[in-house]
There are 2 protein chains.
Amino acid sequence: MTKTRTGRADDASDVREVGPAKEDGRLLRGEATRERVLDAAERLFADQGFDAVSIRQIAQEAGVTLGVVGFHGGAKLDLFRTILARRVEMLSSVRLKALDGIDARREPATLHELVDAYIGPYIEFAAEGDPQWNAYARLIARTVSDDRWYPQVRDFYDPVARRYIDAIARLYPSADRETIAAALVMSVACMLSVVASTARIAGLSQAEAADLPTGAPDVRAYKSVLIDFCAGGIERAITSA
Amino acid sequence: MTKTRTGRADDASDVREVGPAKEDGRLLRGEATRERVLDAAERLFADQGFDAVSIRQIAQEAGVTLGVVGFHGGAKLDLFRTILARRVEMLSSVRLKALDGIDARREPATLHELVDAYIGPYIEFAAEGDPQWNAYARLIARTVSDDRWYPQVRDFYDPVARRYIDAIARLYPSADRETIAAALVMSVACMLSVVASTARIAGLSQAEAADLPTGAPDVRAYKSVLIDFCAGGIERAITSA
DNA sequence: GTCTATATGTAGATAGAC
DNA sequence: GTCTATCTACATATAGAC
């Protein structure tokens with residue numbers, strides 16, 4: 001089990017190093033390759049899941065050879081962890097900043113605002129032109145509901161989730177925390193499913209089963225339905241308990 | 001691509017044959033083995049996903065040898081499909097029967113009733129003592145949100161979903177169908193996530209991160225929260241559109 | 001930094017003995 | 001029906017040339 005390699009892949013668990021290293025304002029050569037490898041892996045893992053993807057596929061998708069993936073990504077599992085850690089910071093910080101903004105005001109928060117602050121950034125990232133963020137969004141969906149991966153992302157997401165639970169608890173002082181926690185977990189499930197299932201929604205919108213004429217609709221089309229659903233769901237769950 | 005095998009596995013796509021064959025009231029010897037193989041595969045696929053499970057693992061879990069799995073299950077993909085088809089009929093028929101019961105009455109349906117009729121059976125199956133149903137319930141969660149598997153289960157679930165969408169549409173005549181479809185897809189996501197994430201809910205219920213003292217709580221503990229959440233969510237999504 | 005070559009393991013599938 | 005033995009393919013991982 002001794003590790004003898006000395007490549008960049010050893011930085012895998014170093015979350016502090018978020019963006020690519022730069023020099024003279026442009027990417028270092030190796031960094032550009034590293035990003036290509038991580039991006040390719042991110043897309044493939046999001047589409048097919050960890051086990052269905054081979055390192056060979058990743059190499060091909062990234063346009064490099066097998067050894068290069070090993071050099072930049074390390075073992076397959078390290079590669080996966082690196083991908084998860086790479087973007088989590090940004091999503092969490094946006095969520096926390098939005099919550100701070102609400103807390104700093106004079107007027108009390110509304111539930112709808114809180115839900116929007118938590119869910120909105122994810123949808124915006126997923127809908128953004130950058131296909132890598134969309135891939136990451138779908139990748140998260142694979143991790144949160146899987147006992148094998150959840151322990152690896154738990155420490156990233158749960159602290160932020162707790163702050164939102166606290167905020168909702170302040171809004172409904174008589175509600176019990178477990179109900180709020182359940183409602184938040186369900187909200188997250190809704191959020192993830194909308195990104196992953198736009199095609200299914202479009203399909204079920206037709207009265208009869210039919211091939212979808214066009215590609216899957218944009219996530220943003222369902223953003224307001226999603227937030228309304230979650231806000232209404234949380235409120236009902238809390239008030240009827 | 002010609003198939004030369006002649007084992008029972010060729011019955012894989014024959015959905016009509018649901019239960020095990022019997023003779024003199026007891027299982028035939030081969031049938032019992034077949035059930036053991038399917039059950040073992042169902043548990044492992046539910047726990048780890050299709051790609052993470054090897055046929056060798058299945059054989060070990062079932063207490064048979066490698067060749068036996070091949071004989072009863074056929075190719076790995078056929079085995080997976082057989083498992084999905086084996087139980088879907090029962091869940092769908094309970095859902096449809098519940099809906100028929102509501103439709104047959106004089107009084108109009110309530111939204112809460114409809115949600116309960118759709119979601120309730122799944123939770124009951126998942127919570128039931130039989131660990132195989134729980135495994136199946138978790139396996140469904142892996143298929144619905146995955147582009148690779150959804151096409152395989154779509155024909156099983158979507159017709160029933162459409163009938164429930166119709167029923168909700170009758171309740172809210174001015175609502176547009178796409179909103180209802182989105183709300184139902186989100187409800188399904190909630191339903192699946194509660195079964196898969198009881199541990200996470202329990203964890204987030206604590207104010208601080210902590211190891212959970214006991215095992216994951218029973219799904220049924222969250223059943224009413226779940227149904228309230230979905231009913232409240234659907235109503236809000238529809239009425240604020 | 002990148003590539004080639006390869007060591008080593010394990011996967012799925014099936015033929016044929018019992 | 002079940003088991004053993006094995007074929008073929010492809011996986012991860014890494015050493016060493018460039």
Side-chain angles (χ1 to χ4, degrees), chain A residues 1-12 20-23 26-38 40-41 44-45 48-83, chain B residues 1-12 20-23 26-41 44-45 48-83 148:
Chain A
M1 266 304 193
T2 22
K3 208 172 182 196
T4 53
R5 309 186 64 269
T6 54
R8 293 208 44 111
D10 288 339
D11 298 335
K22 292 180 190 181
E23 182 174 273
R26 72 190 201 298
L27 292 176
L28 290 171
R29 193 158 81 97
E31 277 305 330
T33 306
R34 181 182 142 97
E35 294 291 311
R36 281 228 314 284
V37 169
L38 294 182
L44 290 169
F45 285 147
Q48 312 181 35
F50 181 79
D51 297 295
V53 176
S54 72
I55 297 187
R56 283 175 162 77
Q57 267 181 281
I58 296 172
Q60 187 178 19
E61 172 89 9
V64 299
T65 57
L66 194 56
V68 174
V69 178
F71 180 76
H72 286 293
K76 193 180 176 185
L77 204 69
D78 292 331
L79 180 57
F80 192 71
R81 276 193 277 253
T82 304
I83 290 168
Chain B
M1 266 306 192
T2 21
K3 208 170 183 198
T4 52
R5 305 185 67 269
T6 54
R8 295 208 41 112
D10 289 337
D11 298 336
K22 290 179 190 182
E23 181 174 275
R26 72 191 200 297
L27 292 176
L28 290 172
R29 193 159 81 99
E31 278 305 328
T33 307
R34 181 184 142 97
E35 294 291 312
R36 282 229 311 287
V37 170
L38 293 182
D39 287 353
L44 290 169
F45 284 148
Q48 311 180 36
F50 181 79
D51 297 296
V53 175
S54 71
I55 296 186
R56 284 174 167 80
Q57 263 183 282
I58 296 171
Q60 188 178 17
E61 172 88 7
V64 300
T65 57
L66 191 56
V68 175
V69 178
F71 179 76
H72 285 293
K76 194 180 178 187
L77 205 66
D78 291 330
L79 180 58
F80 192 71
R81 277 194 276 253
T82 304
I83 292 169
R148 181 158 155 229

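Chain A is the first sequence line, chain B the second, and so forth, proteins listed ahead of strands; every chain is numbered from 1.
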Which atom of [X] lies closest to which atom of [Y], heavy atoms considered:
X        : Y        : result
Phe50(B) : Lys76(B) : O-NZ, 3.1 Å
Gly30(B) : His72(B) : O-CE1, 3.5 Å
Arg36(A) : Ala62(A) : NE-O, 3.0 Å

Side-chain donor/acceptor of Gln60(A) to backbone N/O of Gln57(A), under 3.5 Å: no

Rounded distance in Å - [atom1] ([X]) to [atom2] ([N]):
X        : N       : atom1 : atom2 : value
Arg56(B) : dT4(D)  : CZ    : C1'   : 12 Å
Asp51(B) : dT10(C) : CG    : C1'   : 15 Å
Gln57(A) : dA11(D) : CD    : P     : 7 Å
Lys76(B) : dC10(D) : NZ    : P     : 15 Å
Gln60(A) : dT2(C)  : CD    : P     : 18 Å
Leu66(A) : dC10(D) : CG    : C1'   : 11 Å
Ile58(B) : dA13(C) : CD1   : C1'   : 13 Å
Glu35(B) : dT2(D)  : CD    : P     : 12 Å

Reported CG-to-CD1 distance for the pair Asp39(B) and Ile58(B), which is rounded to 0.5 angstrom: 12.0 Å

Closest to the [X] side chain, choosing from [options]:
X        : options                 : value
Phe71(B) : dC3(D), dA11(C), dG1(D) : dG1(D)
His72(A) : dG12(C), dT2(C), dA5(C) : dT2(C)
Thr65(B) : dT4(D), dC3(C), dA13(C) : dT4(D)
Val64(A) : dA5(C), dA13(C), dC3(C) : dC3(C)

Under-4.0 Å side-chain N/O to phosphate OP1/OP2 contact, Ser54(A) with dA11(D): yes

Sugar-phosphate, base or nothing in reach of Val53(A), heavy atoms under 4.0 Å: sugar-phosphate

